[in-house]
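First the structure, in the form of structure tokens, and then the observations on it.
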There are 2 protein chains.
Amino acid sequence: MARATATTAKANTRKAQAAETRAALLAAARRVFSERGYLNTKITDVTAAAGRSTGSFYEHFADKEQLLQAMIAEMEASADAHLAQHDHPNDHDLTDRAQLREHIAIAWTVMREHRPVTVAQFQSMIAADPGSGRAWQSLLEQTTTLREHLEYSRAQGHPLPGEPQLIAAAIGAMLGMLGYATPATVQPKDDDRIVDALTDLLHSGLTGPRQTSPQ
Amino acid sequence: MARATATTAKANTRKAQAAETRAALLAAARRVFSERGYLNTKITDVTAAAGRSTGSFYEHFADKEQLLQAMIAEMEASADAHLAQHDHPNDHDLTDRAQLREHIAIAWTVMREHRPVTVAQFQSMIAADPGSGRAWQSLLEQTTTLREHLEYSRAQGHPLPGEPQLIAAAIGAMLGMLGYATPATVQPKDDDRIVDALTDLLHSGLTGPRQTSPQ
DNA sequence: GTCTATATATGGATAGAC
DNA sequence: GTCTATCCATATATAGAC
């Protein structure tokens, strides 16, 4: 079948077409990953969804793993731009409810907005050999900032439930797993409900000072 | 190579040998799953580790999934026997620190003692198509008891951070993911440290009433 | 019931024309 | 750069002898 070779106003140069194909593959991967996930998706699924050929795929990516890396790079660029709007000094105090909520909300929003990528990344991590320790390593890496904030809080005199590294990993585990498992169909207001609940749970736990419901 | 056909005192009946082979396959699967995990393990990896043939495998299990189901059944039988030692009435109050810790400790211990199985089960769940909602469904199922306890606590007048179902899922997500990611090499005393930290975090959160360290 | 040997299916990856 | 056609590696599952 004939495929549009210049759907945009861009000049139909060889270079521009390559970029177009690459973008089409990335976009198709996002679509396919959100349904079938990363592990069950075959290269041919992506190329079929993009309307390209298998051979063309390998002109842009060495394999499926490299495709995922490119998607992660895109996401991080986008997330960094988003984060630049907020100030993120190191001296955050996560024992302050508002600041804790802000962090949870940002993490949750990024996971939601880039769901196909985070889902794929999560699957890829889990599929690694358990003996390799990659899951633990990944958990530590993704919670580095969180850990630093906790260390700061502790230095300020707030005693923590445990070592900052462990607490950060626990929180990261909760957010990551919940973000993966939560259906894509939840509404924005549910997102708020979830962020509020997680914030309260992590801020003051199950016994924190909350008003008893009126009954 | 010659393989022992009657390593035990049992009579070498056809039936006994079948049971022996089945047990050998299950034991081999535990060993292999703990290193390479469930997803990356091939049927031939299991049979090779068990010293049996591929053809023999299919005499006992229809496929890898059924092998895992058999391992889960074994684990649940073992866990139930273990749980029978404690009383588990429905009227537990997880806002009580000791009772919360008990629950976390049991969950953590089961995950540790049956690590190959829980790891395999976790991988199998994650590998399912994200669009199927299996991860969310699994999370709800595995936290049913937890949810009931939380509902009880709430009925007793303890306000929770959110809906019991969501809070239970969040706690389950934390425990499940952390149990998966935590290296198999941690020492028993580290297990205690982890259980204590998680208990404190979930009980009173990051700001709960704890003594400031002497400094 | 267990074995060896093999059929079958799948998907990753490449060659060469356009 | 993109395509079609194809090679090739891998793993599931079965057939048939013992």
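Numbers restart at 1 for each chain; the letters A, B, ... are given by sequence-line order, proteins then strands.
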With sequence neighbours excluded, what pairs up with B/Arg112 under the side-chain hydrogen bond (donor to acceptor under 3.5 Å, both in side chains) test?
->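 Once residues adjacent in sequence are excluded, B/Arg112 has no partner under the side-chain hydrogen bond (donor to acceptor under 3.5 Å, both in side chains) criterion.
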List in chain and number order the residues that pass side-chain hydrogen bond (donor to acceptor under 3.5 Å, both in side chains) with B/Ser153, two or more places apart in sequence or in another chain; answer none if no residue qualifies.
->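 Listed in chain order: B/Asp93.
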Distance in angstrom units between B/Leu25 CG and C/dG1 C1', rounded | 12 Å
Could you give the CD-to-P distance, from B/Gln17 to D/dC18, as a whole number of Å?
-> 19 Å
How far does [atom1] of [X] sit from [atom2] of [Y], to the nearest 0.5 angstrom?
| X | Y | atom1 | atom2 | answer |
| --- | --- | --- | --- | --- |
| A/Asp129 | B/Phe33 | CG | CZ | 12.5 Å |
| B/His203 | A/Leu201 | NE2 | CG | 12.0 Å |
| B/Glu141 | B/Trp136 | CD | CH2 | 12.5 Å |

Taking 4.0 angstrom as the limit, do A/Asp190 and A/Arg193 come out as a salt bridge?
->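 Answer for the salt bridge query: yes.
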In dot-bracket form, how is DNA chain C paired, counting a Watson-Crick or G-U wobble pair only if both its distances are under 3.5 Å and using | for bases paired to another strand?
-> ||||||||||||||||||
Any idea which heavy atoms bring B/Leu68 and B/Ser124 closest together, and the distance?
-> CD2-CB, 3.8 Å
Considering only heavy atoms, which members of residues 53-72 of chain B lie under 4.0 Å from some atom of DNA chain C?
-> B/Ser53, B/Gly55, B/Ser56, B/Glu59, B/His60
What string of B, S and - do you get for nucleotides 6-11 of chain C 5' to 3' if you count protein non-hydrogen atoms under 4.0 Å?
-> -----S
Please assess A/Arg101 against A/Asp200 for the test salt bridge (charged side-chain N to carboxylate O under 4.0 Å, His left out), listing each intermediate value before the final yes or no.
-> CA-CA 9 Å; A/Arg101 189 187 192 285; A/Asp200 280 345; over 6 Å; no
For residues 27-38 of chain A, pull every pair meeting salt bridge (Lys or Arg N to Asp or Glu O under 4.0 Å), keeping only residues two or more places apart or in separate chains.
-> A/Arg30-A/Glu74, A/Arg36-A/Asp45
Parallel under 30°, tilted from 30 to 60°, perpendicular over 60°: which one fits the rings of B/His149 and B/His92?
-> parallel
